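Only one structure is covered here, and it is reproduced in the block below.
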Amino acid sequence: MISVVKILPRSFYNRPTLAVARELIGARLVRIFHGKKLVGLITETEAYISQNDLACHAKAGLTARTAPMFGPAGHSYVYFTYGNHWMLNVVTEKEGFPAAVLIRAIQPIEGAEIMLERRMGRDTYGPGKLTQAMGITKSENNLDLTIRNSSLWIEEGISVPKKNVTIGPRVGLNKTPEPWLSKPWRFLVKDWKIL
DNA sequence: AGCACGATGCTCT
DNA sequence: GAGCATCGTGCTT
């Protein structure tokens, strides 16, 4: 019996962002980097929903930077921040409705030694850390993650039970006003090891 | 053209 | 736990 790997289809992402953020926990993020396959289980996500959400980049409306979020679900939205870091998001909801899920952490399960080397021995627990580990930058912006392309997609992974998922407010929002600051739109695995 | 700041990470204390 | 590196983006002038 061979196991059939299923790529998460567009219909998975074309749904309410909170459901997608929750269900991406445990999914397999697959990256082909210089011909090598790097795989990590997603262990932390955050939802950014619509122009009303003042923590969401879409609050600025449709710009060159935020355009991917206004596009079809299942595409990547990669942006640069703090002068150093690339952040990986997956676009959700119907086209024209700007929303996305930030992938904040992974647990390496394939090609771990390469990711470890790229991180110089440090962990991959953090949104800027996982993109560095997987070599994800601007080139990976606005890619369709629902097809087996040459560089990046997301597969069905393991099911993480409710009792192992913590829900809480998003982090790093600094000056974002309420109620957005306290929205419980962050999902993370309680125990860092989910295998 | 200039400016403030950020969905962070690293180092030092 | 505080300070800082570092630069693209959006907003102001």
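Convention: sequence-line order gives letters A, B, ...; per-chain numbering from 1. What you see is a predicted model, and the numbers here were worked out from it, not measured in a lab.
- Summarising the geometry, the separation between CD1 on A:I49 and C1' on B:dA7 is reported as 13 Å, rounded to the nearest angstrom.
- Using a distance-only test at 3.5 Å, with no hydrogens or angles considered, a donor-acceptor pair links the side chain of A:R118 to the main chain of A:Q132.
- If you take CD of A:E46 and C1' of B:dG6, they are 14 Å apart, rounded to a whole angstrom.
- Residues A:E46 and A:R170 are not paired through a salt bridge, judged by the lack of any N-O separation under 4.0 Å between the basic side chain and the carboxylate.
- As judged by a 4.0 angstrom heavy-atom cut-off over every strand, A:T63 is placed among residues touching the sugar-phosphate backbone only.
- Considering only heavy atoms from C-beta on, A:V39 stays 4.5 Å or farther from A:L29 through its side chain.
- Residue A:R170 is out of contact with every strand shown, counting any heavy-atom pair closer than 4.0 Å.
- In this structure, the CG atom of A:N141 is 14 Å from the C1' atom of C:dT9, given to the nearest Å.
- A:H57 has its ring centre less than 6.0 Å from the ring centre of A:Y79.
- Inter-residue side-chain proximity for A:L145 and A:H75 is flagged as unmet; no heavy-atom pair is nearer than 4.5 Å.
- A residue-by-residue look at A:K129 and A:N174 shows that A:N174 has its nearest nucleotide of DNA chain B further toward the 5' end.
- At a non-hydrogen distance threshold of 4.0 Å, A:G83, A:N84 from residues 83-92 of chain A come into contact with DNA chain C.
- In a base pair of the Watson-Crick type (N1 to N3 plus N6-O4 or O6-N4) or a G-U wobble (N1-O2 and O6-N3), with each distance short of 3.5 Å, B:dA1 is matched with C:dT12.
- Between A:L130 atom CG and B:dT8 atom C1' there is a gap of 12 Å when expressed in whole angstrom units.
- Distance from the side chain of A:T66 is smallest to C:dG10 among B:dA7, C:dG10, C:dC7.
- Atom CZ of A:R122 and atom C1' of B:dT8 are 13 Å apart (whole Å).
- Screening A:I42, A:D123, A:I103 against A:L130 for a side chain to side chain contact (heavy atoms under 4.5 Å, CB included) leaves a single residue, A:I103.
- Side-chain atoms of A:Q107 and A:T43 form no donor-acceptor pair, as typed in the model, at a separation below 3.5 Å.
- Remark: A:R15 fails to qualify as a cation-pi partner of A:Y13 under the 6.0 Å distance and 45° angle criteria applied to the six-membered ring.
- Nucleotide B:dA7 holds its C1' atom 11 Å from the CD atom of A:E44, rounded to whole Å.
- At B:dG6, none of the side-chain N or O atoms of A:R65 fall inside 4.0 Å of OP1 or OP2 (strictly under the cut-off).
- Here A:R186 lies out of heavy-atom contact (under 4.0 Å) with every strand.
- Phosphate proximity of B:dG9 to A:R119: absent, as no side-chain N or O sits under 4.0 Å from OP1 or OP2.
- Atom CE in A:M69 sits roughly 13 Å away from atom C1' in C:dT9 (whole-Å rounding).
- Proximity of A:R186 to A:T45: side-chain heavy atoms (C-beta onward) are nowhere separated by under 4.5 Å.
- Residues A:Y82 and A:K59 both approach DNA chain C. Their nearest nucleotides, taken by heavy-atom distance, put A:Y82 toward the 5′ side.
- Relative ring orientation between A:F80 and A:W86 is described as tilted, the plane-to-plane angle lying within the 30° to 60° band.
- Straight-line distance from the OH atom of A:Y79 to the P atom of C:dT9: 12 Å, rounded to whole Å.
- Taking side-chain N and O atoms only, A:H57 has no distance below 4.0 Å to OP1 or OP2 of C:dT9.
- For A:F80, taking side-chain heavy atoms from C-beta onward, the closest of the listed nucleotides C:dG8, C:dC11, C:dT9 is C:dG8.
- Looking at heavy-atom distances under 4.0 Å, A:Y48 makes contact with a base.
- Using a 4.0 Å cutoff on non-hydrogen atoms, no part of residues 94-102 of chain A comes near DNA chain C.
- Using N1 to N3 plus N6-O4 or O6-N4 for Watson-Crick, or N1-O2 and O6-N3 for G-U wobble, each under 3.5 Å, B:dA7 pairs with nothing.
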